[in-house]
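The block underneath contains the structure these notes are about, expressed in structure tokens.
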Protein chains: 2
Amino acid sequence: MGRQRAGNGGTESLHHSVLDAIGLEITGGVLPEGHGLTLDVIQERFGVSRTVARETMRLLESMGLVVSRRRVGITVQPSSSWHVYDPRVIWWRLAGPGRDSQLRSLTELRIAVEPLAASAAARYATPAQRERLLALAAEMRAHGEAGRLEPFMELDVEMHSLLLRASGNEMFTALTDVVTSVLRGRTQLGLMPHRPVPEALDLHEEVARTVADGDHAAAETAMRRLLAEVRDAMAPIRPRRV
Amino acid sequence: MGRQRAGNGGTESLHHSVLDAIGLEITGGVLPEGHGLTLDVIQERFGVSRTVARETMRLLESMGLVVSRRRVGITVQPSSSWHVYDPRVIWWRLAGPGRDSQLRSLTELRIAVEPLAASAAARYATPAQRERLLALAAEMRAHGEAGRLEPFMELDVEMHSLLLRASGNEMFTALTDVVTSVLRGRTQLGLMPHRPVPEALDLHEEVARTVADGDHAAAETAMRRLLAEVRDAMAPIRPRRV
DNA sequence: TCCCGACCATTGGTAGCACCTTTCAGTGAG
DNA sequence: CTCACTGAAAGGTGCTACCAATGGTCGGGA
């Protein structure tokens with residue numbers, strides 16, 4: 001029948017929107033582990049052809065969200081088999097009800113990785129990257145002290161991304177999106193003070209300086225202290241009790 | 001025409017074998033960045049239908065290995081856009097010519113993550129897990145001192161997997177396969193001494209003991225020292241000049 | 001030379017069919 | 001009553017054919 005663009009108005013391809021919908025439902029717990037689906041159901045629910053339903057299902061399967069077996073259909077998998085490093089899975093979890101816990105576990109990951117990334121960056125960064133780091137830290141101080149949170153966050157994002165890239169380890173670099181999401185999400189959740197604390201500014205400057213100087217040991221500890229600061233700032237998430 | 005099973009004899013689905021072949025070629029550099037493909041070419045080369053070719057392409061696209069655009073076809077993407085945490089990408093890279101460098105960057109990732117995982121495990125592990133850790137370390141000593149490398153490696157795998165699982169952070173737990181691959185690959189590459197060095201045995205025991213005792217600070221440093229040992233053992237792989 | 005429109009290669013999406021595997025219910029024997 | 005066999009149905013797997021949309025490419029006109 002050639003239905004065109006079911007109304008999401010986006011330029012996104014069809015299977016992508018279906019994927020997003022189902023992915024969100026699974027990661028959000030609406031479709032619990034063990035829940036069964038069939039291609040027919042997907043076709044009908046989203047008004048798409050079998051091809052699109054199948055491609056969607058393959059994508060979900062490739063992320064470990066479902067398995068597909070003959071005669072039994074499509075079965076939602078437990079979260080332990082999800083590919084939690086897949087950018088879309090991270091995105092969905094950050095968009096869903098598990099946002100807080102996802103933010104917390106990603107922050108733990110940052111605490112693990114970024115100090116070593118800073119250390120590696122101190123060793124391998126190009127001169128241009130070192131220079132850019134210093135400039136970024138200076139700009140961050142300016143915006144931070146003026147209380148301009150948005151630009152501050154963007155600079156924060158760029159600085160951490162740059163460090164991950166400069167580390168020369170593609171496993172670290174690949175976490176750029178993760179770190180970006182955490183930083184953005186943290187600001188959106190209102191976990192940032194209205195004005196960045198002076199220590200944060202100092203520590204960013206120290207990281208930039210030590211990396212620029214090639215002092216990898218100092219860069220590592222500076223980043224570690226910076227992230228300790230971050231973790232403390234995240235602490236308010238936990239007592240969601242009230 | 002219904003060609004059934006092109007001869008690989010496996011129980012794997014069709015698109016999976018095609019995916020493996022193309023994925024290996026891309027990650028292995030046989031198909032360089034910018035290389036063009038079309039669905040027709042894939043169909044013909046592997047003798048599959050358009051459906052299978054398309055599903056394969058979607059999977060490749062979802063891993064960031066290619067992009068597909070109308071009229072222009074399928075284009076191989078630069079390695080910077082690959083999803084390097086995807087288990088299949090890791091597998092392909094470990095199977096291809098980049099094995100050494102992949103092993104090295106994954107080891108760096110281990111050095112970043114595992115100390116914190118051990119620390120978290122010291123806090124959150126269940127009594128059963130703590131007990132198992134101690135048993136594993138003891139078994140490792142027995143096999144290690146006897147020079148039985150294979151069983152030693154398997155215990156090593158189990159111990160590190162258990163620690164990641166016990167950390168309670170699903171981002172850490174999801175690295176189980178990565179760590180397993182590194183440990184196996186390291187043995188296969190002959191990077192292990194014929195008989196595990198006594199320090200490695202001591203350190204494994206220390207990690208197990210400190211985690212079991214809930215001494216998270218000591219667990220973290222013990223794991224850090226263990227991994228420093230590991231990194232030194234990897235040193236024989238000469239870093240490629242950039 | 002430069003811009004614009006027509007063309008066409010190639011993916012995106014739909015429809016429908018044949019086939020194969022797996023499950024499950026029903027049946028009969030012990 | 002239990003268990004093994006059997007057969008049918010369910011549902012994914014793979015195939016073909018066809019139309020729609022799109023964006024390079026190329027040629028022609030200002």
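Here is the naming used below: chain letters follow the sequence lines, and residue numbers restart at 1 for every chain.
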- request: Please list all pairs passing the side chain to side chain donor-acceptor pair (under 3.5 Å) test where one or both residues lie in residues 37-53 of chain A, with sequence neighbours left out.
  value: A:Glu25-A:Arg45, A:Asp40-A:Gln43, A:Asp40-A:Arg50
- request: For B:Arg130, check side-chain contact (heavy atoms from CB on, under 4.5 Å) against everything at least two apart and list the hits.
  value: B:Ala125, B:Ala212
message: Does anything in residues 90-115 of chain A form a ring pair (Phe, Tyr, Trp, His ring centres under 6.0 Å)? List the pairs, not counting sequence neighbours.
response: none
A:Gln188: side-chain contact (heavy atoms from CB on, under 4.5 Å) partners, not counting sequence neighbours: A:Arg99, A:Arg184
query: What residues form a ring pair (Phe, Tyr, Trp, His ring centres under 6.0 Å) with A:His204, not counting sequence neighbours?
result: A:His160
- request: Could you state the atom-to-atom distance from NE2 of A:His15 to P of C:dT14 in whole Å?
  value: 12 Å
query: Listed in order of residue number, which residues of residues 49-58 of chain B have a non-hydrogen atom at under 4.0 Å from DNA chain C?
result: B:Arg50, B:Arg54, B:Met57, B:Arg58
message: Quick test of your reading: applying salt bridge (Lys or Arg N to Asp or Glu O under 4.0 Å), list the pairs with at least one residue in residues 82-92 of chain B, sequence neighbours left out, ordered by first then second residue.
response: B:Asp86-B:Arg88
What does the list of N/O pairs under 3.5 Å between the protein and nucleotides 3-9 of chain C look like, with a distance for each?
unit_1 : atom_1 : unit_2  : atom_2 : d
C:dC8  : O2     : B:Arg71 : NH1    : 2.9
C:dA9  : O4'    : B:Arg71 : NH1    : 3.2

message: Quick check on contacts: within residues 30-44 of chain A, what sits under 4.0 Å from DNA chain C by heavy-atom distance?
response: none
query: Does B:Ala112 have any side-chain contact (heavy atoms from CB on, under 4.5 Å) partners at least two apart in sequence or in another chain, and if so, which?
result: A:Val113, A:Leu116, A:Phe172
query: Which pairs, with at least one residue in residues 67-85 of chain B and sequence neighbours excluded, count as a side chain to side chain donor-acceptor pair (under 3.5 Å)?
result: none
- prompt: Please, which pairs that meet ring pair (Phe, Tyr, Trp, His ring centres under 6.0 Å) have at least one residue in residues 12-43 of chain A, sequence neighbours excluded?
  reply: none
